[in-house]
Student: 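Below is a structure I'd like to ask you about.
Indexing begins at 1, ligand by ligand and atom by atom, following the structure's order.
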Amino acid sequence: MREMRETRGFVLGPYNPSPTTGLVDVPPRRRLTVWNALWLIAEGAWTILVGHWVTLRNFWRKKVTDQYPHRQARRNWLPGPGYRGDFALITDWKTWELRCIACLQCQNVCPSGCIHITPEGRGRERHPVEFYIDAGLCQYCWLCVEVCPASAITMTPDYETAVDTPRKLIRDIDYLRTRGLEFDDVQRPLEAQQTAEAEHEDKGE
Ligand code: SF4
Ligand code: SF4
């Protein structure tokens, strides 16, 4: 039979045996006295009061209910940097083709298995003919973006992705290309500015 010994103070279970002695420490029984009972009641009452104080404090504050999506209080609001929103495939400005080279790395790395690509062609001609992402399965881990060798896939700041059926969360290649072009319109001035600054530094001006 396992030997038991008492410890000082209260211990929250489970009561595992000590790895060195093999003994099980059990908490001492708390004797219910009048003072103990009063103290427990006071503790409980204080907890309730603190909880209600938070509710009361906010009860008198100005209401900021947003009738989304019919009326948005903060129009053109965008989430902060690093937000992972809807997917997009980036188009190459020079060839006007998708940057994607259908290497399947994003499909293979995806832990949710929500990317499906059908590649076509070999070598430099290789490209995707089908590219599906099931945003309903996605856990927005960013791995597909990180692993892409062509910087062809990204996640935009677009957070308005609510739909009425899960099927509508499956993004196809046309959707992703269009989102990429919209996203690029936002990013392009920033990239052009950074390129100009880099060239300026290279010239040592
Ligand atoms: S963000 Fe993660 S879960 Fe979503 S498609 Fe990319 S790799 Fe898969
Ligand atoms: S999006 Fe990037 S990682 Fe995915 S198949 Fe295309 S090139 Fe490869």
Side-chain angles (χ1 to χ4, degrees), residues 64-203:
V64 286
T65 306
D66 199 352
Q67 302 299 330
Y68 180 85
H70 306 297
R71 195 155 46 84
Q72 284 176 262
R74 294 181 290 175
R75 290 212 176 275
N76 302 322
W77 178 83
L78 278 178
Y83 182 82
R84 299 169 186 176
D86 203 5
F87 287 96
L89 286 177
I90 305 296
T91 300
D92 191 315
W93 302 352
K94 292 173 192 155
T95 60
W96 215 239
E97 301 286 342
L98 287 176
R99 280 189 198 167
C100 177
I101 54 176
C103 66
L104 307 189
Q105 289 200 52
C106 55
Q107 179 179 300
N108 294 335
V109 81
C110 177
S112 307
C114 52
I115 302 181
H116 174 79
I117 303 165
T118 307
E120 197 179 79
R122 299 177 75 82
R124 285 176 178 272
E125 300 299 316
R126 193 173 163 90
H127 64 280
V129 285
E130 279 179 5
F131 200 120
Y132 289 105
I133 300 180
D134 189 342
L137 290 179
C138 175
Q139 51 183 286
Y140 295 85
C141 65
W142 193 257
L143 282 175
C144 54
V145 182
E146 267 186 6
V147 82
C148 179
S151 302
I153 185 169
T154 192
M155 293 164 89
T156 70
D158 186 5
Y159 57 91
E160 293 193 314
T161 53
V163 287
D164 49 13
T165 60
R167 276 191 70 80
K168 290 183 184 168
L169 286 170
I170 300 175
R171 314 303 194 200
D172 66 5
I173 194 164
D174 293 329
Y175 176 93
L176 293 166
R177 186 199 307 267
T178 310
R179 300 301 286 144
L181 290 170
E182 289 167 5
F183 176 69
D184 230 14
D185 279 344
V186 178
Q187 296 297 308
R188 198 178 303 194
L190 183 65
E191 278 189 23
Q193 187 189 335
Q194 285 167 346
T195 311
E197 281 173 5
E199 283 173 0
H200 188 72
E201 280 174 17
D202 285 347
K203 286 178 189 166

Student: Is there a side-chain contact between I101 and H127 (heavy atoms, below 4.5 Å)?
Tutor: no
Student: Can you list the ligand 1 atoms lying under 4.0 Å from a non-hydrogen atom of F87?
Tutor: 4 (Fe), 5 (S)
Student: Please work out, at 4.0 Å between heavy atoms, whether the side chain, the backbone, both, or neither of V145 comes within that distance of ligand 1.
Tutor: neither
Student: Please assess R177 against T91 for the test side chain to side chain contact (heavy atoms under 4.5 Å, CB included), listing each intermediate value before the final yes or no.
Tutor: CA-CA 7 Å; R177 186 199 307 267; T91 300; 3.9 Å; yes
Student: Could you tell me how the ring of Y140 sits relative to the ring of F87: parallel (under 30°), tilted (30 to 60°) or perpendicular (over 60°)?
Tutor: parallel
Student: Between the side chains of D86 and Y175, is a donor N or O closer than 3.5 angstrom to an acceptor N or O?
Tutor: yes
Student: Do any pairs count as a salt bridge (charged side-chain N to carboxylate O under 4.0 Å, His left out) and have a residue in residues 132-154, sequence neighbours left out, and if so which ones?
Tutor: none
Student: Which heavy atom of R99 sits nearest a heavy atom of D92, and at what distance?
Tutor: CG-N, 4.1 Å
Student: Within the 4.0 Å heavy-atom shell around I115, which atoms of ligand 1 are there?
Tutor: 5 (S)
Student: With atom 6 (Fe) of ligand 2 as the centre, enumerate protein N/O/S atoms below 2.8 Å in chain and residue order.
Tutor: C100 SG
Student: Test side chain to side chain contact (heavy atoms under 4.5 Å, CB included) on D172 and F131 and set out the steps.
Tutor: CA-CA 6 Å; D172 66 5; F131 200 120; over 6 Å; no
Student: Please lay out, stage by stage, how I115 and Y132 fare under the test side chain to side chain contact (heavy atoms under 4.5 Å, CB included).
Tutor: CA-CA 6 Å; I115 302 181; Y132 289 105; over 6 Å; no
Student: For atom 2 (Fe) of ligand 1, check which protein N, O or S atoms are under 2.8 Å away and list them.
Tutor: C141 SG
Student: Output yes when a side-chain donor or acceptor of E120 lies under 3.5 Å from a complementary backbone atom of P128, and no otherwise.
Tutor: no
Student: Among all residues two or more places apart in sequence or in another chain, which pass the side chain to side chain contact (heavy atoms under 4.5 Å, CB included) test with T118?
Tutor: H116, V129, E130
Student: Run the numbers on C138 and C114 for side chain to side chain contact (heavy atoms under 4.5 Å, CB included), then give the verdict.
Tutor: CA-CA 6 Å; C138 175; C114 52; 4.0 Å; yes
